[in-house]
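Scroll down for the structure; my scribbles are underneath it.
Index from 1, following the sequence. Only heavy atoms go into these numbers, but all of them, side chains included; no hydrogens, no water, no symmetry mates.
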Amino acid sequence: QLQFVESGGGLVQPGGSLRLSCAASGVTLDDYAIGWFRQAPGKERERVSCISASGLSTNYADSVKGRFTISRDNAKNTVYLQMNSLKPEDTAVYYCAARLYFCLGTVPPYTYWGQGTQVTVSS
């Protein structure tokens, strides 16, 4: 079974940076698009970013464009989210999730989800 472990979250001051990692086990990620999602109290779950299985296509929510960068390292079976210029509004639990091949569209669903890592941006 495909399983994810997210890491890299923590407490950071506004303007700071964090790098989140999503390490997969059980199945290679070669055929999967990987999305990063976040959920803050009182807010809907939001897709922050996604990278296609090929790594050639990436997508970002408007709220993070220019600040976050998604990447993948197939040799390590890991996907990363580099977060720069962090704002208090970025505070949330961040999850990685997988679906086959592509990032665009509402289907297929993201079938596999990690347990999440907390990111808190506060002074």
Let me check something: any side-chain donor-acceptor pairs from residues 97-104 under 3.5 Å, sequence neighbours excluded? List them with distances.
{"residue": "R99", "atom": "NE", "partner": "F102", "partner atom": "O", "Å": "2.8"}
{"residue": "R99", "atom": "NH1", "partner": "G105", "partner atom": "O", "Å": "3.2"}
{"residue": "R99", "atom": "NH1", "partner": "P108", "partner atom": "O", "Å": "2.9"}
{"residue": "R99", "atom": "NH2", "partner": "F102", "partner atom": "O", "Å": "3.2"}
{"residue": "R99", "atom": "NH2", "partner": "C103", "partner atom": "O", "Å": "2.5"}
{"residue": "R99", "atom": "NH2", "partner": "L104", "partner atom": "O", "Å": "2.9"}
{"residue": "R99", "atom": "NH2", "partner": "G105", "partner atom": "O", "Å": "3.1"}

I'd like to check the side chain to side chain contact (heavy atoms under 4.5 Å, CB included) partners of V5; sequence neighbours left out, ordered by chain and number. none
Can you tell me which residue pairs pass the salt bridge (charged side-chain N to carboxylate O under 4.0 Å, His left out) test with a partner in residues 66-81, sequence neighbours excluded? R67-D90
Salt bridge (charged side-chain N to carboxylate O under 4.0 Å, His left out): which pairs involve residues 52-64, sequence neighbours left out? D62-K65
Any side-chain heavy atom of Y94 sitting closer than 4.5 Å to one from C22? no
Do S57 and N59 come within less than 4.5 Å of each other through their side chains, counting heavy atoms only? yes
Mind checking what makes salt bridge (Lys or Arg N to Asp or Glu O under 4.0 Å) contact with E46, not counting sequence neighbours? R38
Minimum-distance pair of heavy atoms, taken over all atoms of G35 and Y110: N-CE2, 3.9 Å
Are I34 and F37 connected in the hydrophobic side-chain network, where two residues link if heavy atoms are under 4.5 Å apart? no
Under the side chain to side chain contact (heavy atoms under 4.5 Å, CB included) test, residues paired with S54 that sit two or more places apart: S52, L56
Provide the full list of side chain to side chain donor-acceptor pair (under 3.5 Å) pairs with a residue in residues 113-123, sequence neighbours left out, each pair given once. Q118-T120
So ring-ring contact (aromatic ring centres under 6.0 Å, His included) across residues 40-93, not counting sequence neighbours, yields none
I want to check something: taking the side chain as every heavy atom from C-beta on, are F4 and Y95 in contact at a cut-off of under 4.5 Å? no
Residues forming a salt bridge (Lys or Arg N to Asp or Glu O under 4.0 Å) with K43, sequence neighbours excluded: none
Under 3.5 Å, side chain of T91 to main-chain N/O of V121, donor-acceptor pair present? yes
Just jot down the side chain to side chain contact (heavy atoms under 4.5 Å, CB included) partners of D30, sequence neighbours excluded, or say none. T28, N74
Non-hydrogen side-chain atoms of W36 and I51 separated by less than 4.5 Å: no
Residues forming a salt bridge (Lys or Arg N to Asp or Glu O under 4.0 Å) with R47, sequence neighbours excluded: none
Tell me which pairs pass side chain to side chain donor-acceptor pair (under 3.5 Å) where either residue lies in residues 1-20, with sequence neighbours left out. S17-N84
When rounded to the nearest 0.5 angstrom, what is the spacing between OG1 in T78 and CG in L29? 7.5 Å
Just so I know, are the side chains of T69 and L81 near enough to count as touching, which here means a heavy-atom distance under 4.5 Å? no
